[in-house]
Amino acid sequence: MSAKILSGREAADALLATMKPKVKKLDPKLVVVQVGNDPASASYIKQKFKSCEAVAMRSEHIHLKEDTTIETLMDIVLKLNADPDVTGFIVQVPLPPALQPHVPQIVKAIDPKKDIDGFGAYNLGKMFLSTEFEHLPPATPGGIIVLLEHYKIPIAGKHVVVVGRSNTVGKPIAVMLLNRDATVTVCHRHTKNLGLLTRQADILIAAVGKAGLITGDMVKEGAVVIDVGMNKTEKGLVGDVDFDSVSLKASAITPVPGGVGPMTVASLIRNCVTAKERQLQK
Ligand code: NAD
């Protein structure tokens, strides 16, 4: 079997197209706070602004020096919370080493109504209730759900195996899939005999950060495989899935790049639109 390619670019363009008229009507504004010059962050931020342009959304880049103090950064967060012209904002991670330990404090300080990354406890906690309360889901899980819906891949009743349990990808995607009636198994670095579990998956989601961890022998014939991983190697950017061997077994697979990445960005734009809609309702 040769797998169908699930193009995140195609699905992201479709999502952005539905956002454009809403952006025109609601005029939201997205702000990205960047500290320092991490090259990967610079590239992700570029993609975010490109998508803002694609839907004609107002945006602002606050770029701070590497040696910015936590006091200055917190001050900016509080100002953005208070500014009625700012719909939503993100503080791009990773932060420089001196600030990285403060990430929980920064996330906690962001107004949940403006938390378009969906990383705060309020937005994450609400997701446990049901799909109705998934207003601002973390961007990557939100994007994966849109991708599955775009390609009409059924979720209800399917066994989904998620490899990785981070607060930003693995755990929230597991909750969103449960909300949609999947049977979900979550694996992580302490899971024994990973292949035994991944081979049971109708849908396999890899969010680990280890190049080529999932190989063809770990995948059931006909499974749908979603590769979240983004790993820099000598061969360039690769996922957590060994594409060559897995695409021979899977019925559908996301490429890296061009799979989950564009969905994450489009989902962030959607969150900014949702945030504006909800701010106007209040
Ligand atoms: P993380 O480091 O926070 O979490 C990694 C998870 O993998 C952990 O839960 C850990 O227990 C698990 N793990 C580690 N080794 C394992 C092993 N051998 N077997 C099974 N599980 C193992 O990472 P994250 O932030 O969730 O990101 C995961 C990957 O996804 C990274 O490559 C990251 O760059 C990528 N990512 C991509 C996007 C995107 O838009 N495409 C967005 C977010 C993250």
Side-chain angles (χ1 to χ4, degrees), residues 5-9 11-12 15-16 32 38-48 50-51 90-95 100-101 103-104 107 116-119 124 137-148 160-177 184-201 204-215 217-219 225-233 235-243 246 253-271:
I5 303 296
L6 304 174
S7 165
R9 295 211 172 93
L15 176 60
L16 290 174
V32 177
D38 176 62
S41 294
S43 142
Y44 300 148
I45 290 169
K46 203 167 141 195
Q47 296 304 320
K48 288 167 188 171
K50 222 169 128 188
S51 292
I90 66 162
V91 178
Q92 184 71 41
V93 286
L95 289 169
Q100 191 61 25
V103 166
V107 169
I116 53 171
D117 249 342
F119 289 172
L124 280 175
T140 302
I144 293 171
I145 296 292
V146 176
L147 183 81
L148 293 171
V160 186
V161 176
V162 179
V163 189
R165 57 163 176 194
S166 68
N167 288 341
T168 49
V169 188
K171 281 187 209 164
I173 190 64
V175 170
M176 293 180 87
L177 292 161
V184 183
T185 300
V186 182
C187 305
H188 47 80
R189 69 174 80 247
H190 299 288
T191 299
K192 302 225 166 48
N193 207 342
L194 184 64
L196 186 71
L197 295 161
T198 57
R199 271 190 295 277
Q200 294 173 34
L204 176 60
I205 301 181
V208 177
K210 287 209 159 76
L213 175 75
I214 306 293
T215 48
D217 59 318
M218 296 167 76
V219 176
V225 179
I226 308 292
D227 191 354
V228 183
M230 288 201 297
N231 309 291
K232 273 207 170 143
T233 68
K235 288 194 212 149
L237 190 69
V238 301
D240 291 340
V241 173
D242 175 46
F243 188 88
V246 173
I253 186 168
T254 57
V256 177
V260 175
M263 297 312 301
T264 297
V265 179
S267 171
L268 180 76
I269 301 285
R270 182 182 64 169
N271 277 358

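Owing to the predicted nature of the structure, the values given are computational and were not obtained by experimental measurement. Read the numbers this way: they start at 1 and go in the same order the structure lists the ligands and their atoms.
- Among all non-hydrogen protein atoms, the one lying nearest atom 20 (C) of ligand 1 is His188 O, 3.3 Å.
- For atom 15 (N) of ligand 1, the closest heavy atom belonging to the protein is Lys210 NZ, 3.1 Å.
- Every atom of ligand 1 with a heavy atom of Gly261 under 4.0 Å away is listed here by number and element: 40 (O), 41 (N).
- Every atom of ligand 1 is numbered from 1 in the order shown, and the set under 4.0 Å from a heavy atom of Asn231 is 32 (O).
- Atom 26 (O) of ligand 1 has its nearest heavy-atom neighbour, among Pro138, Pro262, Ser166, in Ser166.
- Close contacts between ligand 1 and Val228 involve ligand atoms 30 (O), 35 (C), 36 (N), 37 (C), 38 (C), 41 (N) [criterion: under 4.0 Å to a heavy atom].
- Judged as a side-chain hydrogen bond (donor to acceptor under 3.5 Å, both in side chains), and not counting sequence neighbours, the contacts of Thr140 are Thr264.
- Ranking protein heavy atoms by distance to atom 2 (O) of ligand 1, first place goes to Val208 O, 4.2 Å.
- With hydrogens left out, the protein atom closest to atom 33 (C) of ligand 1 is Met230 N, 4.2 Å, a heavy atom.
- Residue Val163 approaches ligand 1 through these ligand atoms, each under 4.0 Å from one of its heavy atoms: 20 (C), 21 (N).
- Shortest non-hydrogen contact noted between Val161 and Leu197 is CG2-O, 3.6 Å.
- The shortest N or O to N or O distance between Arg189 and ligand 1 is under 3.5 Å.
- The Thr264 neighbourhood of ligand 1 comprises atoms 39 (C), 40 (O), with distances under 4.0 Å to a heavy atom of that residue.
- With ligand atoms numbered from 1 in the order given, ligand 1 contributes 26 (O), 43 (C) to contacts under 4.0 Å with heavy atoms of Val169.
- With contacts defined as side-chain heavy-atom distances shorter than 4.5 Å, the pair Pro94/Ser41 qualifies.
- The nearest protein atom to atom 25 (O) of ligand 1, hydrogens excluded, is given as Thr168 OG1, 3.9 Å; this is a heavy-atom distance.
- Shown here, atom 41 (N) of ligand 1 is in close reach of the protein: a heavy atom of it lies under 4.0 Å off.
- Minimum heavy-atom separation, Arg199 to Val219: CG-N, 4.0 Å.
- Under a 4.0 angstrom heavy-atom cut-off, Gly170 registers as lying outside contact with ligand 1.
- Applying the side-chain hydrogen bond (donor to acceptor under 3.5 Å, both in side chains) rule to Thr191 yields no partners; only residues at least two apart in sequence or on another chain are considered.
- The two residues Ile90 and Lys48 make their nearest non-hydrogen contact at CD1-NZ, 3.5 Å.
- Judged by distance alone, the side chains of Thr233 and Asn231 never bring a donor and an acceptor atom under 3.5 Å apart.
- Distance check, rounded to the nearest 0.5 Å: SG of Cys187 to CD1 of Ile205 gives 11.5 Å.
- Here Val256 has no heavy atoms under 4.0 Å from ligand 1, in either its backbone or its side chain.
- Annotation: Leu213 places no N or O atom under 3.5 Å from an N or O atom of ligand 1; distance criterion only.
- Closest to atom 8 (C) of ligand 1 among all protein heavy atoms lies Arg165 N, 4.0 Å.
- Of all the heavy atoms of Thr140, the ones lying under 4.0 Å from any atom of ligand 1 belong exclusively to the side chain.
- Residue Gly209 approaches ligand 1 through these ligand atoms, each under 4.0 Å from one of its heavy atoms: 28 (C), 29 (C), 31 (C), 32 (O).
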